[in-house]
Amino acid sequence: MLDRINHYLQSYFNRKMTPYWIVLGLDILLVILGIILSYSLNYGIVRFANNKMDILLLILLFLPFFLIGFRLFHTYNGLIRYTTSEDLLHIGSAITLGMGFSILIYYLLAWLSIPLLEVRLYFFFSAYLFIFFFTFAMRFIVKLLYGYVSFSIENKHRALIFGAREGGISIALGILSDPKSNFKVCAFVTNEPELTKHRLMGFPVIAHNDTLINFIQRENISSIFVSPLYRNHFIDDVALTDYFIKKGIKVYLQPQEQVWDGHSDIQVQQLRELEIEDLLPREQIEIDLNAVAALITDKCILVTGAAGSIGYEMARQIAKFDPKRLILIDQAETPMHNVRLHMAKHHPKVSCQTIVSSITNQPKMEAIFGEYRPDYVFHAAAYKHVPMMEDNPAEAVQNNIYGTRVIADLAVKYGVKKFVMISTDKAVNPTNVMGCSKRICEIYCQSLNKAIQVGKVEGVTQFITTRFGNVLGSNGSVIPLFEKQIKQGGPVTVTDPNIIRFFMLIPEACRLVLEAGTMGHGGEIYVFDMGKPVRIADLAQRMIDLSGARNVQIEYTGLREGEKLYEEVLSDAEKTQPTPHKKIMVASVREYDYELAKQNEEELFEISQTYDAMKIVAKMKEIVPEYKSQNSPYEVLDK
């Protein structure tokens, strides 16, 4: 018998929701029942039997006001089995409104001497209590039955929801309203002590403290859902997140690029499993969208290195602000073809030219500047792999340094308003060829900007430099490398157990580049706050744990040529000044004379044509005296 009852209950609760007119009809029946019961108890069954038609007339008089209350407060919307305290407040308000107007109209008609069944005020009061009780009880019973049925359903993943405010409630409603959901909500978790004294949606609210793991073990929790409003607090608890990863407990959260509107239910399908990027210690980055729009909208924008990780993301973000024209340049043909397809599909209204060429091809670059006359240039093109440039210093000079000079000089010649160069933290106290090449680029752009300001060079271009560290997911990033090694069964190779790096997501870095471009007036070197450094070995271990792989080992291979244990954002001699954006600072760096900077570059480029690595690097060290090689054959030049 119990099995049959359980079967019927499950059949009912597996429906998405009861039609609103059934809920409304039940509430109307309960109003009628409350009126009848109140009259019978106050005046007796006999009097009720003798006045049935008059009572029916009274009910018909009162019902429209209750219907108005139900309509105004939408008591019939939603799911009865997920009734919350807010729903009960709406129901109470609707009943109070209905009964209040019923009393008012009854006594108004009595004052006008319109014959009605005579009742006293206590009849209305008791009817109000009965209706209030019946409507609440009906919802409470349905909720209890649903709790019984959902508890009896097997093979559901027992879940905790981190966050007991709007975001957590929205996730819970999203889970509970989906009849196909494989999750059973067991409790809410909060860091607000005052909330732990209550139940929410019938579930306990427990504290985010040292006893939480005991609760998770006792209740056999296998899934975690994190509210968008609770995300930072959750990520900051490194010990707890590591526990979840090691125990194979699935963690679901909203992608950071998505924005929750604060009202709609968050469906499980909108959430994704925890990824390594989510565990990096960083804050959400906001930018002044109006300032960026003013810079870009209806302007011609040129991006070099547009097929690379940073350049590609810059192009995508710029396209959102409706530029008049977008000129994308890169020498990598196949990646540029992919860029063209992406832009055509996602930004068909943007006039976009994808050009395959090297920035060192001066005649081609001049033809592009002459034809399109860009308003702003974002210069992301560069060779960036440290070991590759350590083995090929001539290419670092010819592409990074000479290529930058070609684009910078053309920007001045053709009246570009702003030139934003993307540099690297490896340019600070460089220990490798790549970092030094970027520092020389910084020197040239900054000295050229100064020459324009003092009138030595005719032009209007403002040169702005941005420095930041490693970006996750970029070409050459450790993340895709580690992922590939884990899939192959290991080992995961880390150069040194103590090596640390600063990390930022590509979209975050590009947003800061755009923001820096809006605030710069020329000559600044902007430094980004990269957050806390990350130990690469810890990153590798977390990735192994997240993958669920077993017996994958970490192997230490030793520092590569030109690599150092940690990267700096500023040199010892430099200081920073704050800007209106808390994540962006201005570095105060040594200034160089433009004529000397230009002469040094020309001499360095000429030496690069010899492809004599030692001579090339020796000249680079002469230009940048703080360049001291590490783990490199060029260390002999420092003695």
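On a predicted model such as this, the values are computed, not experimentally measured, just so you know.
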Working for side-chain contact (heavy atoms from CB on, under 4.5 Å), residues Glu515 and Thr466: CA-CA 10 Å; Glu515 179 88 353; Thr466 60; over 6 Å; no
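- Taking the side chain as every heavy atom from C-beta outward, Lys250 and His157 never approach each other to under 4.5 Å.
- In this structure the side chain of Cys186 reaches within 4.5 angstrom of the side chain of Ile221, judged on heavy atoms.
- Using a 4.5 Å cut-off on side-chain heavy atoms (C-beta onward), Phe101 and Ile68 make no contact.
- Take His347 and apply the ring pair (Phe, Tyr, Trp, His ring centres under 6.0 Å) test, not counting sequence neighbours, and it matches no residue.
- Within 6.0 Å of OH on Tyr556 lie more than 12 heavy atoms contributed by other residues, nucleotides or ligands.
- With sequence neighbours excluded, the residues forming a ring pair (Phe, Tyr, Trp, His ring centres under 6.0 Å) with Phe132 are Tyr128, Phe136, listed by chain and number.
- A 4.5 Å side-chain heavy-atom check between Val31 and Ile95 finds every atom pair outside the cut-off.
- Within the 4.5 Å cutoff, the side chain of Ile544 has heavy atoms near those of the Ile554 side chain.
- A donor-acceptor pair under 3.5 Å is formed between the side chain of Thr196 and the backbone N or O of Pro193.
- In the displayed structure, Gln217 atom CD is contacted under 6.0 Å by more than 12 heavy atoms of other residues, nucleotides or ligands.
- Ring geometry for Phe225 against Tyr252 counts as parallel: the plane angle stays under 30°, on a 0 to 90° scale with 60° as the upper cut.
- Shown here is Asn214, whose CG atom has more than 12 heavy atoms of other residues, nucleotides or ligands within 6.0 Å.
- Between Val513 and Tyr526 there is no side-chain heavy-atom pair separated by less than 4.5 Å.
- Arg158 contributes a side-chain N or O that, together with a main-chain N or O of Glu219, makes up a donor-acceptor pair within less than 3.5 Å.
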side-chain contact (heavy atoms from CB on, under 4.5 Å) assessment of Ile216 paired with Phe244: CA-CA 10 Å; Ile216 291 170; Phe244 292 149; 3.4 Å; yes
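- Side chain of Tyr230 to backbone of Gly167: no donor-acceptor contact under 3.5 angstrom is found.
- Within a 6.0 Å radius of CZ in Arg340, other residues, nucleotides and ligands contribute 12 heavy atoms or fewer.
- Residue Phe133 qualifies as open at atom CZ: its count of foreign heavy atoms under 6.0 Å is 12 or below.
- Applying the 6.0 Å contact sphere to NE2 of His337 captures no more than 12 heavy atoms from other residues, nucleotides or ligands.
- Counting only heavy atoms from C-beta outward, the side chains of Leu328 and Tyr312 never approach each other to under 4.5 Å.
- Aromatic ring orientation, Phe162 versus Phe234: perpendicular (interplanar angle above 60°, classes split at 30° and 60°).
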Residue pair Leu173, Met201: steps toward the side-chain contact (heavy atoms from CB on, under 4.5 Å) verdict: CA-CA 9 Å; Leu173 288 172; Met201 299 174 64; 3.5 Å; yes
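- Considering only heavy atoms from C-beta on, Val189 stays 4.5 Å or farther from Ile224 through its side chain.
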